[in-house]
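Remember, it's 1-based here, ligands and their atoms both numbered in the order they're listed. Sequence positions, counted from 1, serve as the residue numbers for this chain.
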Amino acid sequence: MTKKLRAGILGATGTVGQRFAELLADHPWFEITALAASERSTGKQFREACSWKLVSPMPEALKELTVRDLKPDLDCDFVFSSLPNDMAGPVEEAFALAGYPVISNSSSHRLDVDVPLLVPEISYAHCDLIPVQKARRGYDRGYIVTNPNCSTMAVILPLAALDRDFGVEGVVTTTLQAVSGAGYPGVASMDIVDNVVPYIGGEEEKMEAEARKILGRLQGESVEYAPFILAAHCNRVNVMDGHLATVSVKLKKPATREDVIASMRGYVSVPQELKLPSAPVSPIVVREEIDRPQPRLDRETERGMACVVGRVRKCPLFDFKFVALGHNTIRGAAGGAILNAELLRAKGYL
Ligand code: NAP
């Protein structure tokens, strides 16, 4: 790769926007040249507009960049979108129509029939929806590609490994989701300190549909959803970053515990073969300790890009139980979107 592609970030000042800024600071293929956010931030320098919440310092190169509004005339080749779900839809469409590839974190277009819901290890073939989408919507250079919700991302890699090797027939999962998943300022401290909130609006429905689309097969001009049923219970817990999920899974073919672990440990796919810059070497890291994974100890595994699995054991009701952990703002948001952009670049879509 020679010249870096110029990226814009819509929603640059938010929780996910800040992760984009951090992860793209030294990216070999992409550089940030445009930032956009709400009218609260428009016209200000990034350092004034953004209440920076990450441990790493704000990248020097961005501090004096002026935050723009959401008009599709930004100085960049494509945009990452981390806008609130209730307003992302029409903004992303306007950017795509104006010729910008839009790589989105928001839920607005994830289930559109002509929009890829991309996890590069799993649904890479769904990129073939891009020309379908362009033709159907009258886009020229632009298009929309999405990544899954952060809770779906926490469980989908091990489910993909098991589906590939044994077939998945049914899943029950209960999540324990970090507060950063709600953006900033998110859940009020008086609601979450010393507490668990057993409701996250729309989250269970998203997991139940998205997992089946990601594991679905592209048939002609749409994705045929995978035929299993996933039942999700979603909870907000007092953890800063990292969504943990307990998973019980029913398989189509018999497997031993060793088979299940070998299937997950051996799971590599297109991003690893292509050596994409953000690809984890091991997308699924299986730990043997009886009390792992834990968010604080394990969320940074593979720079936050892997799913960490533990406690693989027989399930008395289904076939196997395990615990899965994913970093919600890295693999579950900005890092996942950057990996999508890398796949699109490698495949000639960017
Ligand atoms: P956030 O912290 O609330 O940030 C929202 C961003 O959008 C800010 O930059 C904000 O700009 C901007 N914004 C808000 N209202 C706007 C408006 N009316 N017009 C233009 N810009 C506006 O949220 P987040 O957690 O980063 O989430 C962003 C998106 O990513 C959401 O769709 C969310 O569902 C999705 N997502 C989040 C996570 C996660 O772990 N947090 C994971 C996966 C997906 P100002 O600073 O100017 O207000």
_Heavy atom of the protein closest to atom 37 (C) of ligand 1 (residue, atom name, distance)_ = Val16 CG2, 3.4 Å
*Tyr184-ligand 1 polar pair, N/O distance under 3.5 Å*: yes
*In terms of residue, atom name and distance, what is the protein heavy atom nearest to atom 28 (C) of ligand 1?*
Ser82 O, 3.1 Å
*Compute whether any side-chain donor of one residue and acceptor of the other, for Glu64 and Gln45, lie under 3.5 angstrom apart.*
no
*Is any N or O atom of Gly14, backbone or side chain, closer than 3.5 Å to an N or O atom of ligand 1?*
yes
*Measure the distance from atom 48 (O) of ligand 1 to every protein heavy atom, then report the residue, atom name and distance (to 0.1 Å) of the closest one.*
Arg40 NH2, 2.7 Å
*Region of Ala12 that comes within reach of ligand 1 [heavy atoms, distance under 4.0 Å]*: backbone
*asked:* Judged on heavy-atom distance to atom 13 (N) of ligand 1, which of Gly11, Ala37, Ser81, Pro84 sits nearest?
replied: Pro84
*asked:* Which of the numbered atoms in ligand 1 are under 4.0 angstrom from any heavy atom belonging to Thr329?
replied: 40 (O)
*asked:* I'd like to know if the side chain of Ser180 pairs up with that of Asp241 as donor and acceptor (distance under 3.5 Å, no hydrogens or angles considered).
replied: yes
_N-O pairing of Asp77 and Arg345 below 4.0 Å_ = no
*asked:* I'd like to know if the side chain of Thr33 pairs up with that of Asp75 as donor and acceptor (distance under 3.5 Å, no hydrogens or angles considered).
replied: no
*Cut-off 3.5 Å, side chains only: do Ser51 and Lys53 have a donor facing an acceptor?*
yes
_Shortest protein heavy-atom distance from atom 19 (N) of ligand 1, along with the residue and atom involved_ = Met87 CE, 3.3 Å
*Inspect the contact between Glu121 and Arg331 and indicate whether a charged nitrogen and a carboxylate oxygen are less than 4.0 angstrom apart.*
yes
_Ala88 heavy atom under 4.0 Å from ligand 1_ = no
*Short N or O distance, Ser107 and ligand 1, threshold 3.5 Å exclusive*: no
*Identify, by atom number and element, the atoms of ligand 1 in contact range of Ser106, meaning under 4.0 Å from any of its heavy atoms.*
32 (O)
*Look at atom 34 (O) of ligand 1 and say which protein heavy atom is nearest, naming residue and atom and giving the distance to 0.1 Å.*
Asn85 ND2, 3.1 Å
*asked:* Tell me the protein heavy atom at minimum distance from atom 41 (N) of ligand 1, and give that distance in Å.
replied: Ser180 O, 2.9 Å
*Just jot down the ligand 1 atoms closer than 4.0 angstrom to any heavy atom of Ser41, in number order.*
45 (P), 46 (O), 47 (O)
*Run down the list Leu83, Ile9, Thr13 and name the one with the heavy atom closest to atom 11 (O) of ligand 1.*
Thr13
_Any donor-acceptor N/O pair, Thr175 side chain to Asn235 backbone, under 3.5 Å_ = yes
*Nitrogen or oxygen of Leu70 less than 3.5 angstrom from that of ligand 1*: no
*Under 4.0 Å from a heavy atom of Ala333: give me the atoms of ligand 1 that qualify, with their elements.*
42 (C), 43 (C)
*Is any NZ, NE, NH1 or NH2 atom of the basic residue among Arg313 and Glu288 found under 4.0 Å from an Asp or Glu carboxylate oxygen of the other?*
no
*Closest candidate by heavy atom, reference atom 44 (C) of ligand 1, pool Thr146, Asp241, Asn105*: Asn105
*Using modelled atom types only, decide if a donor and an acceptor are shared between the side chain of Thr42 and the backbone of Ser38 within a distance under 3.5 Å.*
yes
*Under 3.5 Å side-chain donor-acceptor pair for Thr256 and Asp259*: yes
*Of all the atoms in ligand 1, which lie at a distance below 4.0 Å from a heavy atom belonging to Asn328?*
40 (O), 42 (C)
_Nearest non-hydrogen protein atom, atom 23 (O) of ligand 1_ = Gly183 CA, 3.9 Å
_Strictly below 4.0 Å, N to O, side chains only: are Glu210 and Lys213 in salt-bridge contact?_
no
_cation_pi(Lys252, Phe166) dist<6.0 Å, angle<=45_ = no
*Which heavy atom of the protein is the closest neighbour of atom 16 (C) of ligand 1, given with residue, atom name and distance?*
Ser38 CB, 3.6 Å
*Is it true that Lys134 and Asp140 have a side-chain N and a carboxylate O under 4.0 angstrom from each other?*
no
*Identify, by atom number and element, the atoms of ligand 1 in contact range of Gly332, meaning under 4.0 Å from any of its heavy atoms.*
42 (C), 43 (C)
*Flag the pair Asp69 and Lys71 as a salt bridge only when some basic side-chain nitrogen lies within less than 4.0 angstrom of an acidic carboxylate oxygen.*
yes
